[in-house]
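Only heavy atoms go into these numbers, but all of them, side chains included; no hydrogens, no water, no symmetry mates.
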Amino acid sequence: MSASGGASWNGGGWVLRISFETSENCGGSNANIQSGYASRRVCLTAPSRLTVRMSGNVETHNAGYELADARVDGGIICAGGSYGELGQCAMREANAEGSVDLEAGDHLIELSASTVDELYHTGAYWRYDLSWEPL
């Protein structure tokens, strides 16, 4: 896992959360673009379905910020981001969900998130909940 600009990861197992520090223009001390990336390689012994549920707290000022996605073997499973409502520093919940059926063998799971810019976020985060079921 890696994070930059003040972002930090926490969690374990199949639940991870990336948190972003409050931007300077919303009363915080962070004037940086914040981002993070986590990956995990899995080796499945039988076909399985991976479901990814993402929940986050994102800005309402502009669309296309606090972006996050989950990928498996390079393909996007689900993605989410901010709203374009000119809400200044107001935040709102965002959710995304997706699943993929995987054959037995090696697979790469990648999670990424970024504020994209240094503005309009307070208490921003993305949480990733991954669950498995046999096929």
(request) Spell out, as yes or no, whether a donor-acceptor pair under 3.5 Å connects the side chain of Ser48 to the backbone of Ala46. (result) yes
(request) Output yes when Arg49 and Asp101 qualify as a salt bridge under the 4.0 Å nitrogen-oxygen rule, no when they do not. (result) yes
(request) Under the side-chain contact (heavy atoms from CB on, under 4.5 Å) rule, collect the residues that match up with Asn10, sequence neighbours excluded. (result) Arg17
(message) Looking at Trp126 and Leu16, would you say the former's side chain and the latter's main chain have a donor-acceptor pair under 3.5 Å?
(response) no
(request) Could you tell me whether a side-chain N or O of Trp9 sits under 3.5 Å from a main-chain N or O of Ser2, the two making a donor and an acceptor? (result) yes
(request) Tell me whether the guanidinium CZ or amine NZ of Arg53 lies under 6.0 angstrom from the six-membered ring centre of Tyr128 and within 45° of its axis. (result) no
(request) Answer yes if the side chains of Glu97 and Asn95 hold a donor-acceptor pair under 3.5 Å, and no otherwise. (result) no
(request) Using modelled atom types only, decide if a donor and an acceptor are shared between the side chain of Asn30 and the backbone of Glu24 within a distance under 3.5 Å. (result) no
(message) My understanding is that only one of His121, Glu59, Gln34 makes a side chain to side chain contact (heavy atoms under 4.5 Å, CB included) with Ser23; could you say which?
(response) His121
(message) Has Ser39 got a side-chain atom pairing as donor or acceptor with Glu110's backbone, closer than 3.5 angstrom?
(response) no
(message) Regarding Ser4 and Ser35, do their side chains bring together a donor and an acceptor under 3.5 Å, going by distance alone?
(response) yes
(message) Has Arg40 got a side-chain atom pairing as donor or acceptor with Gly13's backbone, closer than 3.5 angstrom?
(response) yes
